[in-house]
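Here the structure is laid out as structure tokens; the discussion comes afterwards.
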Amino acid sequence: MLRHAPTIPLGGKMRILLIDLENKDFSYMEDEALRPLYFGGIGLNTYLLFKYTDTKIEPMDRKNHIFISSGALAGTIIPSASRSEITCLSPTGYLGTTNSGGGLALGIRLCNIDAVWIKGSAHHPVYLKIDEKGVLFKDATDLWGKDVFETVDLLKRKEGKDVEVISIGIAGEKGVRFASIQNGYYHSFGRTGTGAIMGSKFLKAVCFKGRGEITVKDKKGFLKISREIKERIMSSDAFGYTRRYGSMVVSDVYNRMGILPGYNFRKGSIEKWEETRGRRFFEKHFKERDFACVSCPIGCLHWSRIKQGEYAGYETHGLEVTYVFEFGAKLGISDISEILICVELCNRLGVDVISTASVIAYLIELFERGMVKESDIGLMPMFGDFESISRLIVLIGRKEGIGRILSEGIRHAKKYFTGSEDFACEIKGLEIPVRDPRGRFDTWVLGYVINTRGGDHLKIRTPVDALTDFEISYEYEPLSISEKEMGLLDIPQNVKDKVFDDPPSKIHIPNMAKYGEELLVLFNAFGLCIRPPVLRTIGPSILSKAFNAMYGYDLSEDVLLECAERIVNMQHIFNLKRGLTAALYTFPERFYKEYIEYEAGKRPPLNRAKVKNALNEYFKLRGWDTSAIPKKETIRRLGLDKFL
Amino acid sequence: MLCVLSCSFFNTGVFNPEKSIIKINKNDKTQKFTLKIMKGCKACGACVEACAYNTLGWEDENTIN
């Protein structure tokens with residue numbers, strides 16, 4: 001343990017800044033052995049969570065820790081390496097982990113550290129100012145109760161406008177179970193309620209303003225690989241349209257395929273979708289310009305301006321497709337201006353957009369079914385009605401009125417409404433986002449149930465995702481990317497042999513889910529973005545070259561994937577210790593019982609037995625038994641026995 | 001920021017925005033920025049190569065703007 005800030009810049013050693021809120025003290029932990037095993041980002045966070053977090057405590061206990069890590073390649077010229085990860089025991093009761101871009105990862109590394117480990121709880125509101133020399137503990141009494149934008153404004157005024165700020169809003173202070181940690185004004189560490197944990201520690205914000213630097217072992221090699229990565233990303237078929245539309249690129253196709261989460265997963269397509277919420281409509285009427293995270297050549301982010309109506313003249317970040325699927329489809333709001341205002345309310349209050357829209361959709365369905373009355377809510381909630389939806393967002397964020405129940409999340413709220421379990425759309429305590437699972441059973445959809453953080457779409461992905469309709473088999477999805485894209489793929493041959501047939505025409509879903517989960521662990525550990533031009537062209541072999549050049553190791557792609565497998569297992573064992581069982585690997589009943597209507601007709605519900613088969617196949621590939629318990633030989637093979 | 005990071009890496013061997021000849025003044029709230037090339041530019045071209053947005057280019061063979 002070092003008591004003073006080390007003067008040397010960040011090199012191969014993993015350096016973690018340990019902050020004790022209780023005693024207003026800090027120290028540095030350095031460990032060379034962690035780097036080639038856990039890399040940074042989600043890898044490092046998982047190790048720290050697994051080793052140091054007591055699994056017997058309640059999430060809001062002062063003994064819960066928060067880990068904030070930059071990706072191992074972040075802060076450099078590796079294209080798209082701008083991401084960092086925040087991890088803790090989540091208010092869901094299981095793994096809480098969340099990823100964000102912007103300039104934070106660089107900000108952390110310029111403090112000459114890889115990560116921040118926050119322990120204990122302050123006795124009154126504080127914020128932290130971190131630089132390369134150490135930590136200042138500052139009073140945040142005047143910030144407590146302020147929204148995120150006001151907080152960032154004030155901190156930039158006090159600490160300098162180039163400071164990187166993460167902060168919580170009123171929702172985090174009040175312990176809303178899905179409170180976010182906001183990264184600057186518009187980027188979010190959205191999912192799994194990490195903001196509530198920060199709030200429980202009386203920690204309002206953390207400012208990073210370092211003047212350190214990032215060193216590289218093999219400069220020539222690093223430059224060469226960064227050029228190769230840039231070339232691969234920019235020559236991807238997905239590059240042009242990802243820059244033009246950002247995530248909005250899939251807005252129209254989801255509607256056509258009938259996989260929107262319309263009206264709480266009851267309509268797969270929505271009338272006049274493209275004319276009101278489509279990508280071209282957005283581009284023509286709202287988009288002003290593009291912008292990018294610090295190390296990104298894609299620039300998928302948009303800046304928008306509302307030109308007509310009540311909010312004319314208002315400018316903000318967006319539109320992202322998650323916003324339009326959550327507020328536009330799940331809640332049926334047809335006016336993009338109103339969707340943008342809903343998102344801004346969420347950002348200011350500091351709540352996760354997906355979980356917020358989901359609990360509101362659940363409430364509206366309860367109301368439609370007569371299971372809750374207008375007098376219980378204090379207003380009449382309706383799909384598509386901005387007035388009631390925006391008021392509900394505020395009630396949730398401030399934990400007032402009906403917001404007190406909704407802010408507990410769907411899993412807890414459903415206890416108050418007997419008979420609502422079938423349409424309570426959450427998995428392992430986390431609300432399900434953006435895509436209806438009945439549309440196509442693929443790697444993405446299996447990912448909803450196996451994801452270690454719950455019902456979510458961002459931790460398991462296939463690098464060969466193609467949005468086409470196909471006959472659902474529960475075992476395979478078609479492979480339909482171009483020959484050029486196939487040529488750019490960076491998937492190890494032994495993995496290709498397992499996930500594709502020969503010659504490649506289809507994808508084995510459980511095998512791809514295992515690989516896709518490990519691939520995303522590597523992306524989240526190295527700090528790369530998962531936008532299609534990156535995900536399709538960068539894989540373990542390229543990542544190993546970049547990592548080796550930066551830190552002077554000689555790791556192979558197989559070693560990287562084994563480390564990722566270990567990290568997934570650590571997250572899973574953490575969840576098992578928290579009481580997770582195989583029974584929770586299931587979709588809400590709605591998806592097993594109800595047909596889903598869409599533009600071209602009706603699709604049947606999921607086949608329970610076949611979903612179970614796919615899951616069991618995944619468990620088997622992971623070396624777990626049918627109860628999702630890792631077998632002894634798996635634990636031994638991954639060297640996890642020493643932790644247990 | 002790829003230009004800023006490239007400039008410092010090419011010319012000093014480390015990633016450090018303070019050592020970059022290019023300074024970016026960014027407003028996080030409006031996502032607008034201004035870019036300035038300070039004195040001392042050797043016209044090595046690293047920033048031009050790094051820029052994916054056509055913000056930086058060659059004015060003539062010795063000058064970047």
Side-chain angles (χ1 to χ4, degrees), chain A residues 9-11 74-82 102-103 106-107 109-110 112 149 152-153 156 161-165 183-187 210-216 219 222-223 226-227 230 233-234 239 243 288-299 301-304 315-317 550, chain B:
Chain A
L10 199 55
T76 71
I77 49 172
I78 296 291
S80 92
S82 310
L106 174 65
R109 289 171 86 78
L110 290 177
N112 286 342
F149 284 24
V152 182
D153 280 346
K156 284 196 176 266
K161 68 181 166 60
D162 53 347
V163 64
E164 292 292 337
V165 184
N183 172 8
Y185 296 94
Y186 309 107
H187 297 278
R211 304 181 72 181
E213 56 195 27
I214 302 155
T215 59
V216 167
K219 295 188 184 85
F222 194 75
L223 193 59
S226 76
R227 280 179 173 147
K230 188 177 170 199
I233 291 174
M234 292 183 75
F239 179 79
R243 175 176 286 184
E288 291 278 301
R289 57 191 152 87
D290 302 322
F291 65 100
C293 298
V294 290
S295 295
C296 189
I298 305 171
L301 302 164
H302 310 306
W303 190 256
S304 287
E315 295 189 19
T316 187
H317 158 238
M550 181 153 178
Chain B
M1 285 282 281
L2 280 168
C3 54
V4 173
L5 293 169
S6 284
C7 177
S8 97
F9 188 57
F10 261 74
N11 293 296
T12 68
V14 295
F15 295 106
N16 181 350
E18 294 209 346
K19 290 187 177 171
S20 173
I21 300 284
I22 302 173
K23 301 289 174 207
I24 286 184
N25 190 345
K26 194 173 131 209
N27 182 328
D28 286 333
K29 204 170 188 182
T30 59
Q31 290 295 333
K32 280 189 177 162
F33 68 90
T34 52
L35 187 151
K36 233 183 185 174
I37 301 172
M38 311 302 277
K39 273 184 193 156
C41 172
K42 292 183 223 146
C44 70
C47 58
V48 180
E49 189 201 327
C51 179
Y53 303 96
N54 296 324
T55 307
L56 290 159
W58 292 99
E59 190 172 290
D60 57 53
E61 61 187 34
N62 297 314
T63 323
I64 291 167
N65 74 0

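Here is the naming used below: chain letters follow the sequence lines, and residue numbers restart at 1 for every chain.
Between B:Phe9 and A:Leu223, the closest side-chain pair of non-hydrogen atoms falls below 4.5 Å. The shortest side-chain heavy-atom distance between B:Pro17 and A:Asp162 does not fall under the 4.5 Å cut-off. For the pair A:Asp153 and B:Lys29, the minimum side-chain heavy-atom distance is below 4.5 Å. By the 4.5 Å heavy-atom criterion applied to side chains, A:Leu106 and B:Leu5 are counted as neighbours.
For B:Tyr53, the OH atom counts as densely surrounded, since its 6.0 Å shell holds more than 12 non-hydrogen atoms of other residues, nucleotides or ligands. Heavy-atom contacts from other residues, nucleotides or ligands closer than 6.0 Å to NZ of B:Lys23 number more than 12.
When the candidates A:Glu315, A:Met234, A:Lys230 are compared by the number of heavy-atom contacts under 4.5 Å with chain B, A:Lys230 comes out ahead. Between chain A and the options B:Asn27, B:Val4, B:Val14, heavy-atom pairs under 4.5 Å are most frequent for B:Val14. Top candidate by heavy-atom pairs under 4.5 Å with chain B, chosen from A:Leu301, A:Ile298, A:Thr316, is A:Ile298.
Interface residue A:Lys219: backbone and side-chain heavy atoms are both found under 4.5 Å from chain B. With a 4.5 Å cut-off on non-hydrogen atoms, B:Phe10 touches chain A through its side chain but not through its backbone. Only the side chain of B:Lys19 comes within less than 4.5 Å of a heavy atom in chain A; its backbone stays farther off. If you measure heavy-atom distances from A:Leu110 to chain B, the contacts under 4.5 Å come from the side chain alone.
Residues A:Glu213 and B:Asn16 share a closest heavy-atom pair of OE1-ND2, 3.0 Å. The two atoms that bring A:Val294 and B:Met1 nearest to each other are O-CB, 3.2 Å, heavy atoms only.
A:Tyr186 places no side-chain N or O within 3.5 Å of a backbone atom of B:Gln31 that could act as its donor or acceptor partner.
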